Colleague: 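Handing you a structure now.
So you know, we letter chains A, B, ... as the sequences are listed, proteins then strands, and number each from 1. Because the structure is predicted, anything quoted here is derived from the model rather than measured.
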Amino acid sequence: MLQLFNTLTGKREPFEPIEPKKVRLYVCGVTVYDYCHIGHARSALVFDVLRRYLEYSGYHVTFVKNFTDVDDKIIKRAHEQGVTCEAITTKYIDAYHEDMGKLGVRPASVEPKATEHMADMIELTGTLIKKGLAYHIDGDVYFDVAKYPEYGRLSKRRLEDLQAGARVDVDERKRHPMDFALWKSSKPGEPSWPSPWGAGRPGWHIECSAMSIRHLGETFDIHGGGMDLIFPHHENEIAQSCGATGKEFARYWIHNGFVQINQEKMSKSLGNFFTIREIFEKSKWSSDVTGEVLRFFLLSTHYHGPLDFSDRAIDEAKQVLEGFYGLFNRLRERDGRTEDDKSLQSVIDKTREGFKSSMDTDLNTPMAIAELQLLRGEVNRLLGVGLSAQGRQDALQAFRELGAVLGLFQLDRWEYGIKAEPGHNQISGSEIESKLVERREAKKRKDFTRADAIRKELNALGITIEDKPDGTSRWKR
RNA sequence: GGCGCCGUACCCAAGUGGUAAGGGAGCAGUCUGCAAAACUGCGAUGCGGCGGUUCGAACCCGCCCGGCGCCUCCA
């Protein structure tokens with residue numbers, strides 16, 4: 001049974017959905033004013049894997065991931081570039097899909113935008129005022145945290161402990177320094193919508209409450225996001241939602257750790273971030289390979305902890321994947337050995353169980369990967385003895401099946417080496433094949449000098465040769 | 001000041017009371033004309049430090065050291 005670490009309780013708990021076999025999942029997406037970096041990728045990937053694993057476990061998952069498309073930073077960016085906010089948000093929503101697509105992140109079931117839910121947000125804000133949990137001043141509406149006794153239960157903070165104004169001046173008009181905006185009056189030139197409190201736009205937190213309630217209902221199963229959202233964003237969402245509905249909001253709160261560079265959080269303000277597209281552009285490998293390498297890297301650490309991004313870590317991820325894809329290639333080849341798949345099935349079954357129990361343990365992807373690595377070793381060993389065509393097919397299928405849960409191992413062909421640069425050192429597959437024929441003949445004549453020369457020549461072009469027992473060779477680049 | 005995360009071998013990384021998974025690198029070996037790949041063997045008497053609880057602790061408790069994050073927007 002799946003256990004998840006719930007930030008709300010600070011414990012690992014068995015996961016039980018409200019409705020049997022159905023899961024309603026909401027994840028905070030991104031504010032679309034710039035390209036996504038690896039940190040965004042990690043978050044997206046964690047919840048993509050959670051969704052995949054829930055589906056693998058037989059649940060029907062309704063997965064909602066929003067886009068914040070009305071925000072100060074978007075307005076600022078639009079002004080800087082002299083374009084409309086919509087031009088900015090459209091551009092970066094498209095970029096989001098493109099970048100995440102390369103990482104194999106599946107689109108959510110619903111991807112709502114804040115601007116499409118104005119009525120819901122206005123209604124929710126109105127309800128909070130009516131209930132006395134929010135107040136209205138000069139066209140702005142604030143949530144009254146003092147009126148909500150449970151405030152701080154997610155982030156485990158007490159209002160008295162919060163050092164308001166530590167880094168930002170407190171708005172004097174607010175009743176409590178921690179009161180946050182539900183609705184902001186708009187200045188000239190800013191996007192605005194009509195409301196009972198005058199023309200304005202919603203605060204950040206209210207959109208997630210409105211969209212999650214709209215698409216998943218007042219109480220749903222899982223709410224996720226990066227750890228930096230625990231406070232104040234998710235704390236505020238709980239206050240608004242529970243305050244308005246009087247019901248429980250999300251039951252399980254899941255938060256992923258940060259990607260770091262040299263032990264420091266990757267963030268815009270520190271300027272130490274790499275965008276996803278930047279990494280693909282700079283990568284010396286093909287797009288498919290780069291995507292899977294990145295994906296493997298991001299899943300090789302438990303989602304809750306920090307993850308240090310480095311070239312070295314990326315190279316290692318590639319190396320490990322090559323080990324897997326090398327095996328897959330060998331599994332696809334016919335070989336003339338004696339067949340002996342006796343223990344194969346039990347090895348696969350054992351792996352499947354180990355994989356599931358790893359994933360059941362708070363989505364322990366590193367442990368799940370370790371199970372696959374164990375299987376890799378076992379299958380390699382068995383392949384050395386000899387596997388039937390069926391056995392090889394079964395093994396391949398097991399890797400595909402379990403890999404799919406992590407979004408790995410789905411490539412038909414793995415490009416081992418570096419991206420071909422236009423007009424530089426290109427050699428076609430058929431040219432390689434003819435070189436290999438020549439080399440094979442040289443080997444037959446025991447002309448090893450010639451054979452080695454050909455191998456060296458191909459090596460120089462980034463082609464690695466592996467000689468098979470039957471005298472033929474396989475190659476990879 | 002408050003809240004929280006993290007510290008496991010050369011590197012990455014699991015393990016939340018029962019005696020240190022897995023991978024990478026390295027070294028040695030098997031196979032090979034030689035390679036490559038694969039396989040086999042070797043590698044922490046110890047899990048930041050010091051105390052404590054326990055028959056037993058990397059895992060629980062206390063103190064300390066070090067790194068990081070949040071308390072403004074941030075995945």
Side-chain angles (χ1 to χ4, degrees), chain A residues 7 10 12 27-31 33 36-47 68 71-73 152 155-170 178 180 204 224-233 235 255-260 262-270 273 297 300-308 310 312-313 315-320 322-323 326-327 329-330 354 358 361 364-374 376-377 379-385 443 446-449 451-452 455-456 459 464-469 473-476:
Chain A
T7 307
R12 197 180 279 173
V27 172
C28 290
V30 294
T31 301
Y33 72 103
C36 288
H37 58 61
I38 302 297
H40 300 115
R42 184 179 192 196
S43 188
L45 212 46
V46 165
F47 294 102
T68 298
D71 171 87
D72 289 346
K73 290 189 288 285
S155 56
K156 278 126 192 111
R157 286 157 209 241
R158 293 176 307 167
L159 282 175
E160 311 86 78
D161 295 338
L162 294 167
Q163 225 177 44
R167 288 192 286 165
V168 152
D169 290 336
V170 175
M178 293 318 295
F180 54 91
W204 176 37
M227 285 204 165
D228 45 1
L229 297 182
I230 295 172
F231 191 90
H233 186 54
E235 194 67 61
H255 295 95
N256 66 275
F258 300 124
V259 175
Q260 312 186 136
N262 298 323
Q263 328 287 345
E264 277 186 323
K265 179 185 175 184
M266 180 184 284
S267 72
K268 297 258 161 124
S269 45
L270 285 168
F273 62 93
F297 162 70
S300 62
T301 297
H302 184 79
Y303 78 86
H304 207 253
L307 206 197
D308 223 66
S310 67
R312 186 179 177 159
D315 286 342
E316 187 174 313
K318 181 180 186 252
Q319 202 170 344
V320 174
E322 273 178 12
L327 171 60
N329 284 339
R330 273 172 270 126
S358 302
T361 310
N364 196 329
T365 53
M367 208 182 186
I369 287 171
E371 293 290 341
L372 294 169
Q373 281 169 324
L374 239 27
R376 183 185 70 174
V379 173
N380 262 323
R381 211 164 296 130
L382 292 172
L383 198 56
V385 180
K443 276 169 69 182
K446 304 263 184 239
D447 182 358
F448 296 120
T449 317
D452 290 349
R455 181 169 63 201
K456 208 174 163 191
N459 281 347
T464 308
I465 291 168
E466 290 174 26
D467 290 338
K468 294 193 273 184
S473 310
R474 68 170 78 86
W475 59 275
K476 59 191 192 187

Colleague: Any base atoms under 4.0 Å from A/Gln373, or only sugar-phosphate, or nothing? Heavy atoms, all strands.
Modeller: sugar-phosphate
Colleague: Using the salt bridge (Lys or Arg N to Asp or Glu O under 4.0 Å) criterion, which residues pair with A/Asp467? Sequence neighbours excluded.
Modeller: A/Arg439, A/Lys443
Colleague: Check if the side chain of A/Gln319 and the base of B/rG23 share a donor-acceptor pair of N or O atoms closer than 3.5 Å.
Modeller: no
Colleague: Does the side chain to side chain contact (heavy atoms under 4.5 Å, CB included) test come out yes or no for A/Lys318 and A/Asp315, once each step is laid out?
Modeller: CA-CA 5 Å; A/Lys318 181 180 186 252; A/Asp315 286 342; 5.6 Å; no
Colleague: Say we look at B/rU8 and B/rG49: how far apart would their P atoms be, to the nearest angstrom?
Modeller: 10 Å
Colleague: Distance check needed: B/rG69 C1' versus A/Asp308 CG, whole Å only.
Modeller: 14 Å
Colleague: Can you check the distance between B/rC47 and B/rA20, where both ends of the measurement are the P atom (answer in whole Å)?
Modeller: 12 Å
Colleague: Pick the C1' atom in B/rG22 and in B/rA13, then give their distance to the nearest Å.
Modeller: 8 Å
Colleague: How long is the line joining NZ of A/Lys456 and C1' of B/rA36, in whole Å?
Modeller: 16 Å
Colleague: When rounded to the nearest Å, what value does the distance between P atoms of B/rG43 and B/rC34 take?
Modeller: 29 Å
Colleague: Any base atoms under 4.0 Å from A/Pro232, or only sugar-phosphate, or nothing? Heavy atoms, all strands.
Modeller: sugar-phosphate
Colleague: For nucleotides B/rC6 and B/rC39, find the distance between their C1' atoms and express it as a whole number of Å.
Modeller: 37 Å
Colleague: Report, one pair per line, the protein and nucleotides 3-6 of chain B atoms (nitrogen or oxygen only) whose separation is under 3.5 Å.
Modeller:
residue : atom : partner  : partner atom : Å
B/rC3   : O2'  : A/Ser155 : O            : 3.1

Colleague: Using the C1' atom as the point on both nucleotides, what is the distance between B/rA44 and B/rA58, in whole Å?
Modeller: 12 Å
Colleague: Using a 4.0 Å heavy-atom cut-off across all strands, classify A/Gly326 as base, sugar-phosphate, or nothing.
Modeller: nothing
Colleague: Roughly how far, to the nearest 0.5 Å, is CD1 of A/Ile230 from OG1 of A/Thr7?
Modeller: 5.0 Å
Colleague: Rounded to whole Å, how long is the line connecting atom CD1 of A/Ile230 with atom P of B/rC68?
Modeller: 20 Å
Colleague: Base, sugar-phosphate, or nothing for A/Val259, non-hydrogen atoms under 4.0 angstrom?
Modeller: base
Colleague: Check the distance between B/rA75's P and A/Asn256's CG and give it to me in whole angstrom.
Modeller: 10 Å
Colleague: Would you tabulate the nitrogen or oxygen pairs shorter than 3.5 Å linking the protein to nucleotides 38-40 of chain B?
Modeller:
residue : atom : partner  : partner atom : Å
B/rA38  : O3'  : A/Asn380 : ND2          : 3.1
B/rC39  : OP1  : A/Asn380 : ND2          : 3.4
B/rC39  : O3'  : A/Arg381 : NE           : 3.1
B/rU40  : OP1  : A/Arg381 : NE           : 2.8
B/rU40  : OP1  : A/Arg381 : NH2          : 2.6

Colleague: Using a 4.0 Å heavy-atom cut-off, does A/Glu316 contact any base of the nucleic acid, only the sugar-phosphate backbone, or nothing at all?
Modeller: base
Colleague: By nearest nucleotide on RNA chain B, pick out whichever of A/Ser300 and A/Tyr33 is the more 5' one.
Modeller: A/Ser300
Colleague: Residues two or more places apart in sequence or in another chain: which of them pass ring-ring contact (aromatic ring centres under 6.0 Å, His included) with A/Phe180?
Modeller: A/Phe143, A/His205
Colleague: Taking all non-hydrogen atoms of both residues into account, name the closest pair between A/Asn262 and A/Asp308 and its distance.
Modeller: N-OD2, 3.4 Å
Colleague: Which heavy atom of A/Glu371 sits nearest to which heavy atom of A/Ser358, and what is that distance?
Modeller: CG-OG, 3.9 Å
Colleague: Rounded to whole Å, how long is the line connecting atom CD of A/Glu235 with atom C1' of B/rG2?
Modeller: 14 Å
Colleague: Kindly indicate whether the side chain of A/Asp228, heavy atoms from C-beta on, has any atom under 4.5 Å from the side chain of A/His255.
Modeller: no
Colleague: Using side-chain heavy atoms (C-beta onward) and a distance below 4.5 Å, is A/Val30 in contact with A/Thr68?
Modeller: no
Colleague: Give each stem of RNA chain B as a range with a range, requiring at least 3 consecutive Watson-Crick or G-U wobble pairs whose two distances are under 3.5 Å.
Modeller: B:1-7 with B:65-71, B:10-12 with B:22-24, B:26-30 with B:38-42, B:48-52 with B:60-64
Colleague: For atom P, what is the distance between B/rG26 and B/rA21, given to the nearest Å?
Modeller: 23 Å
Colleague: In whole angstrom, what separates A/Gln260's CD from B/rG7's C1'?
Modeller: 12 Å
Colleague: Not counting sequence neighbours, which residues clear salt bridge (Lys or Arg N to Asp or Glu O under 4.0 Å) with A/Lys476? List them please.
Modeller: A/Glu466
Colleague: Give the rounded distance in Å between these two atoms: NZ of A/Lys318 and C1' of B/rG23.
Modeller: 17 Å
Colleague: Which value, rounded to the nearest 0.5 Å, describes the distance between A/Met178 atom CE and A/Leu159 atom CG?
Modeller: 7.5 Å
Colleague: Which heavy atom of A/Gly10 sits nearest a heavy atom of A/Lys156, and at what distance?
Modeller: N-NZ, 4.2 Å
Colleague: By nearest atom, which of the nucleotides B/rG24, B/rC73, B/rA75 is closest to the A/Lys73 side chain?
Modeller: B/rC73
Colleague: Which atoms of nucleotides 15-21 of chain B (N or O only) lie under 3.5 Å from a protein N or O atom, and what are those distances?
Modeller:
residue : atom : partner  : partner atom : Å
B/rG15  : OP1  : A/Asn364 : ND2          : 2.7

Colleague: According to side chain to side chain contact (heavy atoms under 4.5 Å, CB included), who are the partners of A/Leu307, at least two apart in sequence or on a separate chain?
Modeller: A/Arg42, A/Phe297, A/Leu298, A/Thr301
Colleague: Could you pull out the protein-nucleic contacts involving nucleotides 30-34 of chain B (nitrogen or oxygen on both sides, under 3.5 Å)?
Modeller:
residue : atom : partner  : partner atom : Å
B/rG33  : N1   : A/Asp452 : OD1          : 3.0
B/rG33  : N2   : A/Asp452 : OD1          : 3.4
B/rG33  : N2   : A/Asp452 : OD2          : 2.6
B/rC34  : O2   : A/Arg455 : NH1          : 3.4
B/rC34  : O2   : A/Arg455 : NH2          : 2.3
B/rC34  : N3   : A/Arg455 : NH1          : 2.9
B/rC34  : N4   : A/Asp467 : OD2          : 2.9

Colleague: Do A/Glu316 and A/Arg312 sit within salt-bridge range, that is, some charged N less than 4.0 Å from a carboxylate O?
Modeller: no
Colleague: Using the P atom as the point on both nucleotides, what is the distance between B/rG48 and B/rU32, in whole Å?
Modeller: 46 Å
Colleague: For the residue pair A/Asn256 and A/Ser43, confirm or rule out a side-chain donor-acceptor distance under 3.5 Å.
Modeller: yes
Colleague: Checking A/Pro366 now: which residues fulfil side chain to side chain contact (heavy atoms under 4.5 Å, CB included) with it, not counting sequence neighbours?
Modeller: A/His302, A/Asn364
Colleague: To check you understand the geometry: which heavy-atom pair defines the closest contact between A/Phe231 and A/Ser155, and what is its length?
Modeller: CD1-OG, 3.3 Å
Colleague: Not counting sequence neighbours, which residues clear ring-ring contact (aromatic ring centres under 6.0 Å, His included) with A/His37? List them please.
Modeller: A/His40, A/Phe273
Colleague: Any base atoms under 4.0 Å from A/Gly257, or only sugar-phosphate, or nothing? Heavy atoms, all strands.
Modeller: base
Colleague: Just the rounded figure in Å: distance from C1' of B/rC70 to CD of A/Glu264.
Modeller: 15 Å
Colleague: Only counting residues at least two apart or in another chain, list the ones meeting salt bridge (Lys or Arg N to Asp or Glu O under 4.0 Å) with A/Arg381.
Modeller: A/Glu378
